[in-house]
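It should be emphasised that the depicted structure is a prediction, and the values quoted were computed from it without experimental measurement.
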Amino acid sequence: MRILKKILHALLFSAAITSAYAQPRIENHGSWARVIANDKPMLMIGGELGNSSASTLDDVQRIFPHLKALGLNTVLAPVTWELIEPKEDNYDFSSLDNIINEARKNDLKVVVLWFGAWKNSMSCYAPEWFKRDTKRFPRVHDRNGVPMEEASSLSRNVLEADKKIFCKMMQHIREVDENEQTVVMVQVENEIGMIKEPRDYSNDATKMYNSQVPKVLTDFLMKNRQTLNNSRLQIENGKGNWAELFGNDMYAEEIFQAWTYAVYVEEIAKAGKAVYDIPMYVNVALNSRDRKPGEYPSAGPLAHLIDIWHCGAPSISVLGLDLYDKGFRSWTDKYHLPNNPLFMPEIRLEDQDAMRALYAFGHHDAMGFCPFSIEDYPLHSNASQSDWKNMDLSQDDQLNAFSSSTSTLSPLAASYRLLRQAEPLIIKYQGTDNMDAVILDNEMREADITTPDGIVLHIKHSYSLGWEPGAKSDTWPEVACIVIRLGKEDYLVLGSGIVVTYSKKGNKQIGLAKCEQIEYAADGSCKILRHLSGDQTHQGRHVRIPVGEYQIQHFRLYEY
């Protein structure tokens, strides 16, 4: 009997330990936020897999060690309806389990991308049994009454089928992962929106479009009239149908369609969170290049429709920015709002992401930054995008994300090394005046940061000195840095391709007291790699990290 009691006590104690952590959550501060997993804050220094790159165990086992070598701590991986419910009411979660298990082996957190009723507007990842039964699961219609390959957001049957399998997935994640918390967030659908038309023109949709706008929406718009992101939504009263309140054109139709998507997603997310309450978000395909609704995916969580989505889908924690166009600064400004932290679940995969990640985390206090199709990015700068697939990663000397050597790494891998080392400091100074970042390019070659000390840090492209190879070229590459104020006149700069000078108003001159290249180990300890007091700082005139080099430098200033 005593032995049995001891066993029971041990089991209860073990259960108490394994369930000690609160569920993954978002610590939200309005304009900035961060994910908390295993009761610790984290930055999602990540990447998103291609749509089919996690569909087989062979792919996952081949890819995930490469992601670890690149320096990722988070992978965004699709989980598709067609694979986990190939036959109605028959479930196969092996593809999801493969992702979770291999992520654990490679010290990666996972964001699950739910490809349910829609993926990039289309219903292409819904199972075959769903696609074939168009009577039970109707499609939207174009203005000529022709059905399109997009499930109807107004169909109760579509919603219930999608919600049912989504909740089954959330239950499975909870059962296999609640204690370890490998999965930290879930994306609901993918780049939702109408293609070809601004809205659904089915009979049910047209009837709803000609009906009164729901009171919950009109009340929200009138209450928040002064802070709305779209002047078209600034209504005077709540009486009228969609055309009467928002204008009888395609943009009013888009507002209507956005509402149908938002309330659909809300019901999915709310039901899923009731099963396992972890953060959920939606992502957006942008309305760029002067396209009109339907030419771009109409009615998604676009910048001019953010208020519709905030009202219709309050269970969604953040509206994520997918960026494949020019104008990085302006687009990030549009999605970093007082009520929407910046999260970039997708960005075009290119070397410039190395600089953009620094800017996103340092200037916008981003939750995460995740280039798309990350599995195609090489580890080394002299490697092709396919060379890594033949590499014996177990023998590779760059597997450690805290390795000091970045000389042979590709730009994004080198930048991620810096971010992983500085992650605790970035987290510490998020949302404060003690951290900022700049990104410079051919058009914008300098910028200033004014610190709480009253010192102005003048940051220029390092080509501006004229010393480096390439400085005489017509086009200068993007460069960036994060600056963190550690204390009075005490700073950290991490990045590439920048030169920093310093000044202060008044009669006082500012000098460089100390500069050193450093690195942080996984345990947070700091090591000085090199003292930089001579030519590297031009005898104290500046702090510099050349183009092509990725460094963390610690420097102190003084008045004289």
Side-chain angles (χ1 to χ4, degrees), residues 10-26 35-40 42 44 46-49 52-65 67-68 72-116 125 127 161-190 268-281 315 317 345 368:
L11 290 173
L12 289 170
F13 181 74
S14 175
I17 292 175
T18 55
S19 61
Y21 295 126
Q23 293 169 346
R25 60 195 184 278
I26 288 180
V35 170
I36 308 293
N38 308 109
D39 281 344
K40 295 179 180 179
M42 63 173 290
M44 289 184 285
E48 179 169 326
L49 297 180
S52 302
S53 297
S55 58
T56 67
L57 178 58
D58 286 346
D59 267 347
V60 173
Q61 289 179 330
R62 176 176 56 85
I63 289 170
F64 279 33
L67 304 184
K68 178 179 180 179
L72 276 68
N73 66 7
T74 307
V75 57
L76 279 62
V79 175
T80 64
W81 189 356
E82 66 177 356
L83 289 183
I84 64 174
E85 193 180 11
K87 294 182 179 180
E88 190 168 8
D89 296 325
N90 287 280
Y91 309 111
D92 179 1
F93 292 106
S94 59
S95 59
L96 173 57
D97 290 337
N98 292 339
I99 292 167
I100 293 173
N101 292 335
E102 293 304 313
R104 288 173 182 167
K105 292 177 185 177
N106 290 281
D107 302 316
L108 296 167
K109 294 297 187 183
V110 172
V111 175
V112 166
L113 312 180
W114 172 238
F115 288 3
Y125 277 101
D162 196 356
K163 181 170 67 174
K164 178 181 176 182
I165 184 58
F166 185 78
C167 289
K168 290 283 187 183
M169 180 185 73
M170 295 305 299
Q171 179 64 36
H172 185 78
I173 293 172
R174 180 168 190 165
E175 289 172 356
V176 303
D177 192 55
E178 183 176 19
N179 292 330
E180 294 202 37
Q181 300 188 11
T182 308
V183 177
V184 298
M185 197 151 77
V186 176
Q187 175 185 287
V188 185
E189 313 299 340
N190 184 79
I268 297 284
K270 186 176 181 180
K273 288 171 77 70
V275 175
Y276 186 34
D277 189 8
I278 63 175
M280 297 187 184
Y281 76 98
S315 295
S317 299

Practice item. Taking Lys68 for its side chain and Asp107 for its backbone only, find out whether a donor-acceptor pair lies under 3.5 Å. Key: no
Review point. Do Ser95 and Thr80 touch side chain to side chain, with heavy atoms closer than 4.5 Å?
Key: no
Exercise for review: Would you give the length of the straight line joining atom SG of Cys167 to atom CD1 of Ile268, rounded to the nearest 0.5 angstrom?
Suggested key: 7.0 Å
Point to revise | Donor-acceptor pair between Asp162 and Trp81 side chains, under 3.5 angstrom | key: no
Review point. Do the side chains of Glu180 and Arg104 get nearer than 4.5 Å, heavy atoms only?
Key: yes
Check your understanding: With no hydrogens and no angle check, is any side-chain donor or acceptor of Asp177 less than 3.5 Å from a backbone partner on Ile100?
Key -> no
Revision key, fill the gap. Taking every heavy atom of Ile26 against every heavy atom of Ser317, the minimum-distance pair comes out as CD1-CB, 3.5 Å
Practice item. Using the six-membered ring wherever Trp is involved, compare the ring planes of Phe93 and His172 and label them parallel, tilted or perpendicular (cut-offs 30° and 60°). Key: parallel
Check your understanding: Do Val188 and Phe166 have side-chain heavy atoms sitting under 4.5 Å apart?
Key -> yes
Review point. Do any N or O atoms from the side chain of Asn90 and from the backbone of Glu88 form a donor-acceptor pair under 3.5 angstrom?
Key: yes
Practice item. Using only heavy-atom distances, determine whether the side chains of Asp58 and Thr56 contain a donor-acceptor pair under 3.5 Å. Key: no
Review point. Hey, is the main chain of Glu175 close enough, under 3.5 Å, to the side chain of Gln171 for a donor-acceptor pair?
Key: no
Check your understanding: Can any side-chain N or O of Asn106 pair as donor or acceptor with the backbone N or O of Leu108 at less than 3.5 Å?
Key -> no
**Study point:** Beyond-backbone contact of Val75 with Phe64, side-chain heavy atoms, under 4.5 angstrom
**Key:** yes
**Study point:** Flag for Gln187-Tyr281: side-chain donor and acceptor within less than 3.5 Å
**Key:** yes
Check your understanding: For Ala22, does its backbone N or O pair with a side-chain atom of Gln181 as donor and acceptor, under 3.5 Å?
Key -> yes
Review point. Are any side-chain N or O atoms of Arg174 and backbone N or O atoms of Val275, one a donor and one an acceptor, separated by less than 3.5 Å?
Key: yes
